[in-house]
Amino acid sequence: SQQGEEDPQALSIQEGENATMNCSYKTSINNLQWYRQNSGRGLVHLILIRSNEREKHSGRLRVTLDTSKKSSSLLITASRAADTASYFCATDDGQGAQKLVFGQGTRLTINP
Amino acid sequence: NAGVMQNPRHLVRRRGQEARLRCSPMKGHSHVYWYRQLPEEGLKFMVYLQKENIIDESGMPKERFSAEFPKEGPSILRIQQVVRGDSAAYFCASSPPTTKNIQYFGAGTRLSVL
């Protein structure tokens, strides 16, 4: 069954605005990651947050993790046209396996 | 340092043919993972391999699909007797032995079955 589920499925904003995407998951996890996928391309790792962390920053990215609610959010500040992509959260399966369990992604469009 | 290399980027097969997808991990990475992505969906785990060993194949279909990562050469995902439902993007990822949490992805192979 699906582990991570992103919300919203699609998001369209103006350049310069902030974009927030949410991810929910079902089982206990050791860490949660966010990846970006440009159309027709592979995935690029953005940030990893461990289960004992609540917030993490990387440049214009801010990730939060609430393990009590089994949810995470990705905030992109001061968005740019180049941020247009699909964003996926991925978790481990909580049982020690190495596989990543992905959500269906949020398609983000930044309008110039 | 080249990233994860997958080839071919696009592969067209007719129903019943075989598809072979190749993946060369990043230098120094000994762990390889294969994922499948259907249109408008997230990636689904298929198989996890180390050199000459299949560690976890819980996501592999029971029939027609196989994977290997030989001592020398790239990892191969093989699909025999392809059907239209096999049309998808297949991504390979690799990770070093010390940081298995973060996986580095290739650009994928897009398989189209006619």
Side-chain angles (χ1 to χ4, degrees), chain A residues 1-10 21 23-27 29-53 56 58 63 65 85-109, chain B residues 2-7 9-10 21 23-26 29-50 53-60 67 69 88-112:
Chain A
S1 62
Q2 189 92 338
Q3 169 76 317
E5 295 184 5
E6 281 91 345
D7 165 51
Q9 290 191 347
M21 289 158 273
C23 166
S24 61
Y25 57 91
K26 295 174 183 165
T27 66
I29 60 171
N30 295 307
N31 59 72
L32 183 144
Q33 306 180 54
W34 285 90
Y35 285 83
R36 183 186 72 224
Q37 183 181 34
N38 290 87
S39 180
R41 306 291 294 274
L43 275 72
V44 174
H45 180 263
L46 296 176
I47 196 165
L48 178 150
I49 185 165
R50 302 190 190 285
S51 59
N52 61 353
E53 298 177 309
K56 202 161 184 180
S58 177
V63 169
L65 180 62
S86 290
Y87 291 82
F88 295 91
C89 70
T91 64
D92 61 289
D93 73 345
Q95 297 178 13
Q98 293 307 130
K99 61 187 175 186
L100 293 177
V101 183
F102 285 86
Q104 290 192 327
T106 292
R107 289 183 301 282
L108 175 64
T109 302
Chain B
V4 177
M5 304 300 292
Q6 289 188 250
N7 66 81
R9 289 294 310 277
H10 301 275
L21 289 63
C23 169
S24 296
M26 288 180 70
H29 289 195
S30 55
H31 301 254
V32 166
Y33 314 81
W34 285 93
Y35 294 83
R36 177 165 62 178
Q37 184 179 35
L38 295 172
E40 306 301 321
E41 293 190 11
L43 279 68
K44 298 288 194 295
F45 170 80
M46 298 181 76
V47 63
Y48 162 40
L49 311 102
Q50 295 179 21
N53 281 308
I54 297 175
I55 307 301
D56 181 351
E57 57 181 348
S58 58
M60 287 281 270
F69 188 16
Y90 292 83
F91 289 95
C92 170
S94 72
S95 64
T98 54
T99 315
K100 292 191 281 291
N101 287 329
I102 298 176
Q103 297 177 14
Y104 298 84
F105 283 80
T109 293
R110 278 150 187 81
L111 172 66
S112 297

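In what follows, chains carry the letters A, B, and so on, assigned in the order in which the sequence lines appear, proteins first and then strands, with residues in each chain numbered from 1.
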J.: Between B/Y48 and B/Y33, is the ring centroid distance below 6.0 Å?
T.: yes

J.: Does any backbone or side-chain atom of A/Q9 lie under 4.5 Å from a heavy atom of chain B? Answer side chain, backbone, both or neither.
T.: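 No part of A/Q9 comes within 4.5 Å of chain B.
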
J.: Could you tell me which portion of B/Q37 (side chain, backbone, both or neither) has an atom closer than 4.5 angstrom to a non-hydrogen atom of chain A?
T.: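 For B/Q37, the side chain is the part near chain A, not the backbone.
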
J.: What part of A/L48 lies closer than 4.5 angstrom to a heavy atom of chain B: side chain, backbone, both or neither?
T.: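 Looking at A/L48, just its side chain touches chain B.
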
J.: A/R107: what forms a salt bridge (Lys or Arg N to Asp or Glu O under 4.0 Å) with it, not counting sequence neighbours?
T.: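 Partners of A/R107 by the salt bridge (Lys or Arg N to Asp or Glu O under 4.0 Å) criterion, ordered by chain and then number, come out as B/E40.
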
J.: List the residues meeting ring pair (Phe, Tyr, Trp, His ring centres under 6.0 Å) with B/Y35, not counting sequence neighbours, and say none if there are none.
T.: A/F102, B/F45, B/F105

J.: Using modelled atom types and a 3.5 Å cut-off, is there a donor and acceptor pairing between side-chain atoms of B/R110 and backbone atoms of A/G40?
T.: yes

